[in-house]
Amino acid sequence: MVKSKILHNKTGAFTAMSDTLASFFQLFTGDHSFYMGKLKHADIFIGEDHYKARGKMLDLNNIYECFRLSLEDDSENEKSLVLRRMTKLFLDKHPQFAGLQRREYELFKELKMDENPNLVKLIDYIEEEDSLISEFIPGMPLDLFVKREPEYYFKRKTTLKMLKQLVSAVGFLHEQGMCHLDISPSCIFVKENADHDIVLLNNGLAIATYDKIPLGKLEGQDLPPELQEGQPYDCRTDIWQLGQIIKLMIDVRRHDPNRSSNHLKLIAMRCMQQKKEERYQNVQDILSDLETWERLYDSTGTNR
């Protein structure tokens, strides 16, 4: 196990005054770089490596907040990691999730979740801050990717690859008896590589369902009907959310009138049936239908 620790530096009157001025500046400018609450005067040691916080990253809904950590050494090393913790707002509303981050790290190791290349890798858990250290993934969440890459329009080959990777990650969790329950565009990271591989983030709610922690009625847009109503959920709840992702890709593909998405539409519709018994019953059936679509269009020799 990696031994990590966070050291809080003592602050004098001058530093405290500087912090107050900085807070006012951030309030009026919206610039929250380098502002990390209790962590803004911290040095983070992960094993033998010394990291500094380099600003707040994108929030994952209202559940987590993330901070990018940059390696501090004498070289030009650009190695980064991510410090992730649950927001106080979320924990105040859902106190049953206290301690979930520790459990997430324990299960990540116990169930060898690092064997799936499309799940985010956890490096360590820091007890004092109830924080997880995870890999930093160069890229952007899916909801930003579809806005910044409008000319890309999800060609068939890459659409299939992304969906297969996503279904594989979700299927891995289902085999462990977990439901992810947060398969949203902000939790699907598209890597900055030539193949646009994806990584699924935020396994916290998956751990909660594995440990049978009652979730109650969660908040947020585009939730499956059973989560909106606080009703029982299972793997078919994740399948509904997979349908949402497929629907997003279809909407982007529409920008090119030459691209046909009829087969994808049928998959998305079946995923998103109101009644769970009318959806796909497992992700393997989704994968089978994706492979059917792949074979169908392979025979035409097109990449639309």
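Values below: every heavy atom of this structure, side chains too, minus hydrogens, waters and symmetry copies. This structure is a prediction, so every number in the text was calculated from the model and none was measured.
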[X] with [Y]: basic N within carboxylate O range, under 4.0 Å:
X: Lys276; Y: Asp234; value: yes
X: Glu104; Y: Arg84; value: yes
X: Arg270; Y: Glu278; value: no

Counting only N and O atoms by type, is there a donor-acceptor contact under 3.5 Å from the side chain of [X] to the main-chain atoms of [Y]?
X: Ser131; Y: Glu129; value: yes
X: Asp211; Y: Ile213; value: no
X: His180; Y: Asn202; value: yes
X: Gln241; Y: Leu181; value: yes
X: Arg85; Y: Asp130; value: no

Determine whether [X] and [Y] make a side-chain contact, defined as any pair of heavy atoms from C-beta on separated by less than 4.5 Å.
X: Cys271; Y: Ile267; answer: yes
X: Ile207; Y: Phe108; answer: no
X: Leu264; Y: Arg253; answer: yes
X: Glu226; Y: Lys275; answer: no
X: Cys179; Y: Thr237; answer: no
X: His196; Y: Phe154; answer: no
X: Lys265; Y: Lys247; answer: no
X: Leu163; Y: Leu242; answer: no

Going from [atom1] on [X] to [atom2] on [Y], what distance comes out if it is rounded to the nearest 0.5 angstrom?
X: Trp293; Y: Arg156; atom1: CH2; atom2: CZ; value: 6.5 Å
X: Asn203; Y: Thr209; atom1: CG; atom2: OG1; value: 10.0 Å
X: Glu65; Y: Phe67; atom1: CD; atom2: CZ; value: 4.0 Å
X: Ile246; Y: Asp251; atom1: CD1; atom2: CG; value: 12.0 Å
X: Asn118; Y: Gln165; atom1: CG; atom2: CD; value: 4.5 Å
X: Leu122; Y: Glu106; atom1: CG; atom2: CD; value: 12.0 Å

Residues that, via side-chain heavy atoms closer than 4.5 angstrom, fall in one hydrophobic cluster with Met272: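 Trp240, all in the cluster of Met272.
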Would you tell me whether Arg236 and Gln281 have side-chain atoms, one donor and one acceptor, within less than 3.5 Å of each other?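 On atom types as modelled, these side chains qualify, holding a pair under 3.5 Å.
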Between His174 and Asn282, a side-chain donor and acceptor under 3.5 Å: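 Result is no, nothing qualifies.
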Quick one: closest heavy-atom pair of [X] and [Y], and the distance?
X: Leu91; Y: Ala98; answer: CD2-N, 4.0 Å
X: Ile250; Y: Ala268; answer: CD1-CB, 4.3 Å
X: Ser184; Y: Ile245; answer: C-CD1, 4.0 Å

What's the verdict on salt bridge (charged side-chain N to carboxylate O under 4.0 Å, His left out) for Asp197 and Lys161, showing C-alpha distance, side-chain angles and the deciding distance? CA-CA 8 Å; Asp197 293 308; Lys161 181 184 64 61; 3.5 Å; yes
Begin from the C-alpha positions of Tyr125 and Arg103 and carry the test side chain to side chain contact (heavy atoms under 4.5 Å, CB included) through to its verdict. CA-CA 10 Å; Tyr125 170 76; Arg103 182 61 174 151; over 6 Å; no
Report, one line per pair, each donor and acceptor closer than 3.5 Å where one atom sits in a side chain of residues 132-143; sequence neighbours left out.
unit_1: Glu135; atom_1: OE2; unit_2: Lys121; atom_2: N; d: 2.8

What do the steps show when you test Leu166 against Ile183 for side chain to side chain contact (heavy atoms under 4.5 Å, CB included), and what is the final call? CA-CA 9 Å; Leu166 180 60; Ile183 306 171; 4.2 Å; yes
Hey, what's the ring geometry for Phe97 with His94, parallel, tilted or perpendicular (30° and 60° as the breaks)?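 Plane angle over 60°, so perpendicular.
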Determine, step by step, whether Lys93 and Thr87 satisfy the side chain to side chain contact (heavy atoms under 4.5 Å, CB included) criterion, reporting the C-alpha distance in whole Å, the side-chain angles of both residues, the deciding distance to 0.1 Å, and the verdict. CA-CA 10 Å; Lys93 290 184 177 180; Thr87 65; over 6 Å; no
Please lay out, stage by stage, how Leu215 and Tyr233 fare under the test side chain to side chain contact (heavy atoms under 4.5 Å, CB included). CA-CA 10 Å; Leu215 299 180; Tyr233 48 83; 3.4 Å; yes
Restricting to ring pair (Phe, Tyr, Trp, His ring centres under 6.0 Å), what partner residues turn up for Tyr280, sequence neighbours left out?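 Partners of Tyr280 under the ring pair (Phe, Tyr, Trp, His ring centres under 6.0 Å) test: none.
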